[in-house]
Amino acid sequence: MALAALLLFGTFGVLTLLGVPIAFAIGLSAAVSFLLFMGFDQSMFIVAQQMASGLDSFTLLAIPFFILAGNIMNRGGIALRLISFAKVLGGRLPGSLAHCNVLANMMFGSISGSAVAAAAAVGGVMAPLQKKEGYDPAFSAAVNIASSPTGLLIPPSTTFIVYSLITGGTSIAALFVAGYVPGILMGLGLMVVAGIIAKKRGYPVAPRSTWKEVLRVTADAILPLSLVLIVMGGIIFGIFTATEASAIAVVYTLFLALVWYREIGLKDVPAIILESAVTTAIVLLMIGASIGMSRVMAFGDIPFALSDALLGLSDNPIVILLAINIALLIVGTFMDMTPALLIFTPIFMPVVQDLGMDPVHFGVMMTLNLCIGICTPPVGSALFIGCSVGNTSIGSVIRPLLPFYAVLFVLLMLVTFVPEISLALPQLLLGYK
Amino acid sequence: MRKSVDAILRWAIIAIFTVLVACVVWQVASRFIFGVPSTVTDELARFLFMWVALIGGAYTLGQGRHLAIDLLPMLLTGTRKLLLELLILALIMAFAGLVMIYGGTSLVLKTLASGQMTPSLQIPMGYVYGAIPFSGAVMIFYCLTFAGDLLSGKATETDTVSAGPLS
Amino acid sequence: VTLKLNHNNPPDHPVHIAMQMMADRLAELTNGEVKIRIYPNGQLGTQRESMELVQNCSLEMARSNASELEAFEESYSALNLPYIFQSEEHFNKVVSGPIGEEILNSSVAQGFRGVAFYTEGARSFYGSKAINSPADLKGMKIRVQPSPSAIRMVELLGGNPTPIAWGELYSALQQGVVDGAENNPTALTTARHGEVAKHFSLDEHTMIPSVVVISNCAYDGLSDDQKKALRQAALESMEAQRVAWNEASDAAIATAKSEMGVEVNTVDKAPFVEAVMPMHAEVAAKSEKLGKLIAEIKAAAN
Ligand code: NA
Ligand code: NA
C-alpha cells in the first residue's frame with residue numbers, strides 16, 4: 001500500500017511540478033503505478049481503457065452542451081442583456097458584478113447540476129464584463145470558481161443521486177431537500193466575502209437605476225431569462241431529463257442569437273462550437289485519466305489503509321469527523337468529485353454510522369467537502385475551467401481564492417457539526433425520519 | 001502539414017458536435033412529440049461523445065491549451081528551458097505512445113477479436129475504442145512538430161508555440 | 001494466490017454476501033492457498049470494463065449479469081429471454097445443473113469462464129399505473145437497459161422502450177419523462193423508486209441471473225483440486241444466496257407496501273407470455289448452438 005501511494009503521488013507530484021500538463025501527469029502516474037500490480041501490457045491496456053470508458057456516460061454530455069449554450073449566449077448578445085438585468089438585481093452592494101456571478105452560478109448550477117458547466121457558462125459571460133469595470137481578473141475568476149459548485153447542493157443534483165446509489169438507497173428526495181439550505185448558505189457566504197473585498201478595493205457599485213431603466217432592462221431580459229423557465233419547466237413537467245435539457249438550451253440560445261436578436265450569423269457558429277470543444281476537452285481528458293488513477297488507488301488498497309488509520313485515531317466523534325473532513329479535503333485536492341465519491345463513501349459510511357450520523361447529513365457533508373476539492377489545486381475541475389474561461393492562470397488565482405476557501409471551510413464545519421442545517425428542511429417538508 | 005491536420009480535426013470536431021446536439025434533440029422530440037422514443041440516440045450520443053472528447057483532447061494539445069502548472073518552465077531560461085520543454089514533450093509522447101497507441105491498440109484488437117458488440121447499435125465495441133490510438137497518434141504528431149520548432153529556434157517567434165503544450 | 005473480484009453492488013447486497021461466503025469456503029477448502037479478495041461498488045470498474053479486464057488478464061474475477069454478458073458470449077442471451085423459465089424451481093434447476101455448467105463453460109474462447117450464477121429474482125413492470133395485461137402497456141414509455149432483448153420485449157408487449165441512464169431514472173419516473181420501468185422488487189427500496197412509482201405489477205417477465213466469471217489465465221493457474229474446490233464453494237454459496245435473495249425481495253415488497261404506499265398486484269401472465277413468444281424463435285434462429293440451448297432449457301421445465 002505505502003509503496004503504491006508513494007509511487008502514484010510521487011510520480012504525479014514530480015510530473016506536475018515539471019510542468020507536464022495535468023491530464024498527462026495523472027495518466028502517466030497511474031500507468032507507472034499499475035506496473036506494481038500487473039504486467040506492462042496489462043497496465044497500458046487498463047489505463048487506455050479507463051480513458052475511454054471514464055467518458056462513457058450520457059450525463060457527462062451536459063458539460064459540453066451547457067458550455068456551448070454559455071458561449072452562444074456570450075457571443076450572441078444574450079449575456080449582455082442578462083447582465084444588465086443582473087446589475088439591477090445585484091443592486092447597490094459593493095462589487096455588484098461579483099454578486100451577480102454568484103447568484104447566476106446558483107441558478108445555472110442548480111439547473112445543470114454541473115459545477116464545471118456553470119463555471120464555464122456564467123464565468124465566460126461575466127469575466128470580460130468584470131474586466132471592463134476594472135475588476136482584477138484573478139478575483140473575478142476566484143468568485144466564479146468558488147461559487148460554481150453551489151448547484152451541486154441545490155437540487156436537482158446528480159451528485160446526490162450517485163451518493164444515494166452507492167449507499168444503497170439513501171432517500172434521494174430527502175437528499176435533494178436537504179441540499180437547499182447548505183447550498184444557499186454557501187452562495188450567501190461567498191457573497192459576503194466578495195462584498196467585503198470589493199468594498200476594500202473600491203470596485204464599482206451599480207448606479208441607482210430609474211424605474212424606466214429597470215422596466216426596459218427587465219423586458220429585455222425576459223427572453224433570455226425564459227431559458228431558465230424552459231429548462232426548469234421542461235424538467236419539472238417531464239419533457240426532458242436534466243442532461244437532455246442542456247441540448248435544448250443550446251437550441252434555444254441558438255434561436256435567440258441567430259433568429260431573434262440576429263447578433264451572430266450561421267457562419268459564426270463553427271468557431272463557437274470549436275471554442276466550446278476545446279474548453280470541454282481540457283476537462284474531459286482529465287476526467288478520463290483520473291478514473292484510471294482512482295482504479296490504481298483501489299488496486300493499491302490506498303482507501304482502505306486510510307479508513308483503518310481513521311478508526312485507530314480516537315474514540316471521540318468530533319475528532320473522527322474532523323479527521324474525515326481533512327482526509328476528504330486532501331483527497332479532493334487530487335481527485336475529481338465522482339471517483340472520490342465512489343471510492344470513499346463506502347469506506348467512511350460504516351465509520352460515521354457507528355457515530356450515529358444520519359446518511360442524508362453525511363451525504364450533504366461529503367458533497368460540500370468535495371465541492372471545495374474541485375476548487376483546489378493541483379486537480380480541480382472547477383478551478384481549471386474557471387481559470388480557462390477567466391483568462392487567468394492557476395498560479396495567480398490561488399491567492400484571491402484563499403478567503404473563499406476560508407468561508408467554505410467554516411460552512412463545512414457548521415454543516416458537519418450542526419445536523420439541523422441539513423436535516424431540518426427534509427424533516428419539515430417530507431417528515432423525514 | 002500541421003495546418004492541414006488542424007483543419008481536418010477542426011471540421012471533424014465541429015461535425016461530431018453538431019450531430020451530438022441533433023442526436024439529443026431528436027431523442028427528446030421522438031419521445032415527447034412523436035411518442036416513439038428512439039432506442040439508439042442514447043448510445044450513439046455516448047460513443048460520439050467519447051470520440052469528440054478524445055479528438056478534442058488531441059486538438060487542444062496542438063493548440064497548446066491543456067492546463068499545466070507552469071512555474072518551473074517560467075523560472076528557467078535559455079538551454080535549460082529548452083531541455084525542460086523537450087523533456088515535457090517526451091513525457092507527453094511517452095503517454096501517447098505507450099498508453100494511448102500501444103495499450104489502446106491492444107484494447108481495440110482484443111475487443112474486436114472477442115466480438116463484443118455494443119448493445120443498441122450492434123456495432124463492434126472495438127470501433128468505439130479506436131478513438132484512443134487515433135488521438136494518441138495525433139498527439140505524437142503535434143509533439144514532434146513542437147519539438148521540431150523548439151530545436152530549430154522557431155519557437156521563440158510564435159508565442160502560441162513556446163507557451164504551447166506547457167501552459 | 002489471491003484473486004481480485006470486482007462487482008458494482010454495495011457490501012450489504014445479498015450477492016456480495018454470497019460471494020464472500022464463496023471466498024471463505026474456497027479458502028477453507030484449499031487450506032488458505034486460494035483467496036478471493038472482493039472489491040464492491042465497482043471500485044475497479046463498471047461491469048463492461050471489468051469483463052474486458054478479465055479477458056485481458058488484468059483482473060482475475062468479476063461479477064456481471066447475463067444481460068451484460070450477451071455482448072461477450074451469445075449463450076447468455078438464452079437466459080435473458082422473457083418467460084424462458086416457467087418457475088423459480090425451473091430457473092434453479094437450469095442454473096445449478098448441467099445446462100448451467102454448459103453455459104458457464106461456453107466462453108473459454110472469449111478468454112473467461114463462468115463460476116457461479118446468483119439469482120436476482122424476477123423482473124416486473126412498475127410505474128404510474130397497474131399493468132394487468134399487455135394492452136395496459138400500449139403507449140407507455142418504459143425505461144429499459146440498452147439491450148436488444150429488453151427493447152424487443154417491450155416492443156412486442158406494445159410499450160415504447162426508452163433507454164434512460166440508471167442515474168437519471170429516479171427523476172425521470174418522478175417527472176414523467178418515462179411512465180414506467182422494469183426491474184426486480186428491490187429497486188423499489190434500494191433505489192427508492194417506490195417513492196415515485198406507485199404500482200408494481202408482478203408479471204415476472206425475466207429472471208436475469210448475476211454471473212461470476214474468472215479469467216482463463218487465473219483459472220488455468222489453479223490445480224485440479226483447487227478448480228474442484230472453486231466449483232464446490234460456488235455451488236454452496238448459490239444455494240445460500242437463493243434463500244437470502246428471497247428474504248431480501250420479500251422485505252423490499254413489504255417495505256414498499258407499508259412505508260412507500262406502493263400497490264403490488266399479481267397479474268395473469270398468459271397474454272404476456274403469448275405476446276413475447278416470437279422472441280424465442282427469433283433468438284433460436286440466430287445460431288444452432290442457441291437454438292439447441294433454448295430447447296434444452298425449455299425441456300428442463302418438466
Ligand atoms: Na443542482
Ligand atoms: Na482539488
Side-chain angles (χ1 to χ4, degrees), chain B residues 19-20 22-51 53-54 98-133, chain C residues 46-49 51-58 64 67-74 76-77 80 107-112 138-155 158-166 168-169 172 175-180 215-216 286-287:
Chain B
V19 176
L20 260 181
C23 206
V24 179
V25 171
W26 174 248
Q27 177 163 310
V28 175
S30 69
R31 186 182 60 231
F32 185 73
I33 301 177
F34 305 108
V36 187
S38 166
T39 53
V40 294
T41 44
D42 171 270
E43 195 176 282
L44 186 63
R46 281 188 287 121
F47 294 159
L48 285 176
F49 175 72
M50 283 157 78
W51 266 88
L54 287 163
L98 296 175
V99 171
M100 297 184 76
I101 298 185
Y102 183 71
T105 306
S106 130
L107 173 69
V108 169
L109 293 178
K110 286 198 172 146
T111 319
L112 286 176
S114 78
Q116 188 197 153
M117 305 296 260
T118 71
S120 273
L121 297 161
Q122 291 287 310
I123 52 171
M125 192 62 199
Y127 294 173
V128 180
Y129 284 142
I132 310 166
Chain C
T46 64
Q47 292 189 21
R48 196 194 71 227
E49 286 161 23
M51 285 310 300
E52 289 165 3
L53 294 178
V54 163
Q55 287 181 310
N56 191 48
C57 301
S58 300
S64 187
S67 176
E68 193 88 26
L69 285 171
E70 228 180 282
F72 294 86
E73 162 55 42
E74 64 170 8
Y76 285 97
S77 52
N80 301 331
S107 55
V108 176
Q110 276 77 38
F112 67 94
K138 186 137 188 67
M140 276 182 88
K141 286 172 275 217
I142 302 293
R143 184 266 176 181
V144 290
Q145 295 168 297
S147 100
S149 26
I151 290 169
R152 182 77 182 124
M153 175 186 75
V154 173
E155 274 170 4
N160 290 322
T162 313
I164 293 265
W166 172 252
E168 284 194 305
L169 180 53
Q175 309 299 353
V177 173
V178 291
D179 307 304
S215 74
N216 285 355
K286 274 191 188 165
S287 78

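Per chain, numbering begins at 1; letters A, B, ... match sequence-line order.
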What are the two closest non-hydrogen atoms of Pro163(C) and Ser38(B), and how far apart are they?
CD-O, 3.5 Å
Is Thr41(B) in contact with chain C via its backbone, its side chain, both, or neither, using a 4.5 Å heavy-atom distance?
neither
If you tally heavy-atom pairs under 4.5 Å against chain B, which of Glu73(C), Gln55(C), Gln110(C) wins?
Gln55(C)
Between Pro148(C), Ser147(C), Gly139(C), Ala109(C), the one whose heavy-atom pairs under 4.5 Å with chain B are most numerous
Pro148(C)
Using a 4.5 Å cut-off on heavy atoms from C-beta on, say whether the side chain of Ile164(C) contacts that of Arg31(B).
yes
Where does Val177(C) contact chain B at under 4.5 Å (heavy atoms): side chain, backbone, both or neither?
both
Nearest-0.5 Å distance, CD of residue Gln145(C) to OG of residue Ser120(B)
11.0 Å
Can you measure from CZ (Arg48(C)) to OG1 (Thr111(B)) and round to the nearest 0.5 angstrom?
9.0 Å
Under 3.5 Å donor-acceptor, Asn160(C) side chain and Gly35(B) backbone
yes
Using a cut-off of under 4.5 Å for heavy-atom pairs, which of Met125(B), Gln27(B), Glu43(B) has the most such pairs with chain C?
Met125(B)
Could you tell me whether the side chains of Gln116(B) and Glu52(C) share a donor-acceptor contact shorter than 3.5 Å?
yes
